[in-house]
Amino acid sequence: MQTMILSVATFFQLRKLKPAISAVYALIGVLGACLTGRAWAGYDFNIPQPATPISQQIYGLHMYILIVCAVIFVVVFSMMFYSIFKFRKSKGAKPDVNFHESTLIEIIWTIIPFIILIAMAIPATKTVLDMKDTTNPDMTVKVTGYQWGWRYDYSAEDIGYYSNLATPWAQIGQPGAQATEPKGKDYLLEVDNPLVVPVGKRVRLLITSNDVIHGWYVPQLGVNQYGIPGFIKDVWFKASEVGTFKGQCSQICGKLHGYMPITVIVKSESDYAKWIEDSKVKFGTTPATAAVTAALAAVTEDSNKKFTMAEAKQIGGKIYAANCVACHQATGKGMPPAFPPLSGSKVVQGAADGQIGVLLNGRPGTAMVSFARLSDSELAAVISYTRNSWENNTGKIVQPSDIKALRKS
Amino acid sequence: MASTTTLDDATSHHDTHNEAHADAHDHGPGSWTRIFTTTNHKDIGSMYLWFSLFMFFVGGGMALLIRAELFQPGLQIVQPEVFNSLTTVHALIMIFGAVMPAFTGFANWLIPMQIGAADMAFPRMNNWSFWLMIPAAILLFASFAVPGGAAGSGWTLYPPLSIQGGLGVDMTILAIHILGASSIMGSINIITTLLNLRAPGMTLMKMPMFCWTWLITAYLMIAVMPVLAGAITMLLTDRHFGTSFFNAAGGGDPTMFMHIFWFFGHPEVYILILPAFGIVSQIIPTFSRKPLFGYASMVYATASIALLSFIVWGHHMFTVGMPAQGQLFFMYATMLIAVPTGVKIFNWIATMWRGSLSFETPMLFCIGFLCMFTLGGFSGLVLAVVPVDITLHNTYYVVAHFHYVLFPGAIWGLMAGVYFWLPKFTGRMYNETLGKWHFWLSAISFNITFFPQHFLGLAGMPRRIPDYALQFAEWNMVSSIGAFILGFSQLLFVWNVVSCIRSGAKAEAKQWEGAESLEWTHLPSPVPYHTFETAPIVK
Amino acid sequence: MTAVTGGYYFAPPSKWPLVGSVALLFFASGGAMVMNHIQPYGWTSMAIGFAILVYMLFGWFGQVIGESESGMYNEQVDTSFRWSMSWFIFSEVMFFAAFFGALYYARVFSVPWLADQENALLWEGYSAVWPTVGPYLEKNPVNDFVAMGPWGVPLLNTILLLSSGVTLTWAHHALKAGHRSQVIAGLFATVALGFTFLGFQIFEYAHAYSELNLKLTSGIFGSTFFMLTGFHGFHVTLGAIMLTVILFRCIKGHFKPDSHFGFEAVAWYWHFVDVVWLGLFLFVYVFV
Ligand code: HEA
Ligand code: HEA
Ligand code: CUA
Ligand SMILES: [Cu+2]
């Protein structure tokens, strides 16, 4: 910091010098101040280490084009700087006013760039065709973006789970309120449940979204694909080494777009098999879904059904796990300030109509969208569950008929 | 050809018209209602220029807020949703409020003088084109104050995110509608003036390059602004009237918006650069004391850029999951644009070749333009290559690319133009030393600000985020420092312009030795309120 | 001052542009408020804006007509008008192109995509049959609709618009030949046909809403159908109003056989609206 102030100070003392020279001096000063001020080691100037055959090709393509452009730049601008030094009026240069047209030269400098471009396009075309070939995958994972996190579904294994930012807000801070914890090494790049895939396998991702457009972007795997609500787009990658690869949501998706990281862990085949076994217990989807459907099948027959507390909490808990947990968390504590806690919430503890209203209409402009798509009994169950879990002890049950009444109005 | 243009001296009437004469017309200079009612192209041109200078500072102020938030990781200054609004409105203001009106300001001032006309073809409509921007600006600014805040979806307004916002988004959409109407009227006026009001003997192929680039720009605007209007109209009906254009549930597609938007958006970026090409094509020959090299091929190159710009829009959408054939088509078409753009660069350099160069401030800005714009063009070319774009799309590499073409491209083109024509507009000279300081400080701080953003992008930092991972911290800090120097350096420009108007040394009619177009050869400095009441005859 | 310079008329300072800008400020901010249910400010502001706009249009066009009739516009001004009207119509073509583009994109790309193999995961059982309300809306029978058939009212409307083109051309020829009464008759017929077209279109919309259950909210089909025909209808309305003005001017004895660009400009506009209709008839009604 001190060096910085110093350099700015020197800069102003120098103002009597020629602008060009002193400005260059200022540049060196400021850059020097910045660079000495902080640890410099290990910083990347380039695309991070490729980890798939495709990202390897991308890396090569970029280097190739970069070098071609650099050479053109040097050639073209040495001509310009040559003129600048050679044909100065101050050196007595006389203009050659007749040198202002030449069809031949125009043709030459049209054709040469054209040829250079063809030389760039050929390898690029090959890579495009490779990366778009999503046939014959070894496995498929469905990736769903939502505001603001990801969901991964391994349909063949019946595993599905959410993947959210794991960095605590205490490290991030707020305008006006400094962060209370120091920022960790993986600040903003850490997630609770990463995507896990085996090494050396063609993994096909079916990417979509729940609400707005998101971008599933992991540079080292050579994947950057929008998740578009209502459409599924597929991409593939084949990791050539085990390791952890990080990325972020690449398409602006609202308030917390910057807090939507992606982590992919590539495991050896045996580790992966073990992870699948563990995850079936932890994240299994089929049993839960089946149970909910079965339980609901019973109640939806009769919309005048009256839940008992035990029923409501049991069914409601499952619906909560399927629909709300991503944001409000299993603990009901949410992830403030993005997702408010339901545990202890005034709305949840207050009059039932208020909470029913939030669920039926959502909170426009926030991630809390309308859940009107759930049935009357589903809503009744999940609301009853939230009103009687964690710190909330209203002891009251919301019945399907309550929902029905409000849905109408 | 511009340089061989000569005039029949007997027909030029400048010495018969002076300020007093102009004052004699009521509503002329002096009346307080003038700025509201004026139909004089010079008044309107000045109003455009002052408006855009103001907007440039507002948009720049927003950029500085953005950079201040990004100075360090963590959230310090603004809430994330405010950050998104700042990014969105920064872009909208810079594009629609600063660059486009500034070019129109130059068009108003220069086109009649350069083709030997007395005014624009439709002076009243001309006034309306200007005054329409005021309600639009009011709507844009006010959107920050309404519940829900200003639009925060990025200037590209992609649905469904732009469906989510509140009143602010509607105000933004309506503001863009009004600005579009203003641009279309302005362009019709310019085209008509160029096609119908040229002085006798001023054939199309004798027009100065600035007029040519504007003719083509105006054509682009009339072709694409209505398409933008269509896109945002559909957005509005999706938001409020239950249509399903961009909603898969009803059979629509968010990607459809992107196609329509970028069909406008890509030609739009050439709208933002072609008039700058025109300004540069006036200045480089002047300070090389030599005619523009390859005038005819410059015209054809500009036209080719404009035509190609209609078929490249897909390069903004390589990651939406379009079929390989689509990606390849857009990649090839995009790369092709490098050819005519290269022709322009080479012709400018050839103009300097074997010239007699001097380096006044306008020329410095043009040389800076050549180097930096080419760098930005090259990063564009890198992005045009589909696989590379896949790793760089929506990262700071893109931000670096377009600031390289927009700031040293569009903005420097404009600054060069201001320094170049100030003596003509005001009859006074700016301060050359201060001008050089402005150039060098801008050139250096610009590169401090935006060159590191290439590294950030390559390393994978997404754009439109208020906070970032720790490995991006160093370069962001450098970039923010650069941005502040860059921003405050622009105050030198304002200072220079204001003190030039108030107390600059007297300028000559032909201030620049090498200047050849009509405004220099046949009009005094400052230009009288009414010029060319009788058309000059161009031989 | 009459800034007649070298014969070309450059308008003197005018308040109308400013009035127009104020009108749009009220109109647009009112519109934004109306859409967000901020009442009564929304409607009030829109009404004020609209009133000022009408005032401006009368004032501005009145002035232009006055200038034209007092012979201030020479041939070069006339050429300017021709260029500007052509470019304006080009901009209108591009505006409609956006909506035709949307229609084309939906029919050729997005709807078939929604029904393809990958998207079956999201929209099981959806088959891409145009016309469609889309994969989600179609699940609810409330949204079922019947597309508008081409051979009833739309065909009639096509005939009406085409004949209005003929009557307008007749009026134009009569104007050039100096047959004032024929001009008025031809124009009157054109205006009448135009308004009849509009009447039928209102009828058609009512029919769509009440009997076919075809609404603006009927998925992508309803969206494209109503936006295309709606914007077209809006242009027909404008054109018919302008023709009415021209009709009154003819009755007042305006226009000369060799100089009547006001007439021609509106005629161009009317033919443009005609051509758009043919496109609509084919792509919205016939080839469903
Ligand atoms: C003035 C504005 C301007 C200009 C002139 C350009 C010019 C170009 N742009 Fe840029 N671009 C933008 C403004 C502009 N762009 C903006 C604002 C965005 C972001 C929008 C958003 O998402 O918000 C963008 C984004 C953008 C993308 C999308 C990136 C992404 O989102 O992933 C791409 C991809 O192809 C691209 C490419 C190009 C190319 C190839 C050119 C070419 O025209 C450049 C041609 C010039 C040269 C190549 C240099 C000179 C040539 C020579 C010296 C000849 C010899 C050269 C060779 C043979 C190589 N641009
Ligand atoms: C012509 C167009 C133009 C111009 C000139 C600029 C100029 C600048 N831009 Fe901008 N920018 C865009 C067009 C432009 N930009 C676009 C299209 C986007 C994309 C938006 C999107 O993602 O949707 C963008 C996005 C963008 C970002 C990315 C934001 C994000 O992704 O979240 C950043 C970050 O650094 C940035 C920075 C800057 C800076 C530092 C300048 C500097 O050059 C500005 C220099 C500063 C000044 C000239 C102001 C001087 C102010 C003072 C001295 C303070 C005093 C104030 C008053 C008196 C009022 N811009
Ligand atoms: Cu999700 Cu950005
Ligand atoms: Cu582009």
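Convention: sequence-line order gives letters A, B, ...; per-chain numbering from 1. Scope of the values below: all heavy atoms of this structure, side chains included, with no hydrogens, waters or symmetry mates.
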Roughly how far, to the nearest 0.5 Å, is CG of Asp234(A) from CD of Glu118(C)?
-> 4.5 Å

Heavy-atom distance under 4.5 Å to chain C: side chain of Ser155(A), backbone, both or neither?
-> neither

Return yes when atom CH2 of Trp83(C) has more than 12 non-hydrogen atoms of other residues, nucleotides or ligands closer than 6.0 Å, and no otherwise.
-> no

So with a 6.0 Å cut-off around CZ of Phe281(C), is the heavy-atom count from everything else above 12?
-> yes

Check whether more than 12 heavy atoms from other residues, nucleotides or ligands sit under 6.0 Å from atom OH of Tyr205(C), and answer yes or no.
-> yes

Working to the nearest 0.5 Å, report the span between CZ of Phe231(A) and CG of Asn119(C).
-> 6.5 Å

Mind checking which of residues 120-127 of chain C sit less than 4.5 Å from chain A, heavy atom to heavy atom?
-> Leu121(C), Leu122(C), Trp123(C)

Within 6.0 Å of CZ in Phe26(C), more than 12 heavy atoms from elsewhere = no

Residues of residues 129-142 of chain A within contact distance of chain C, non-hydrogen under 4.5 Å | Lys142(A)

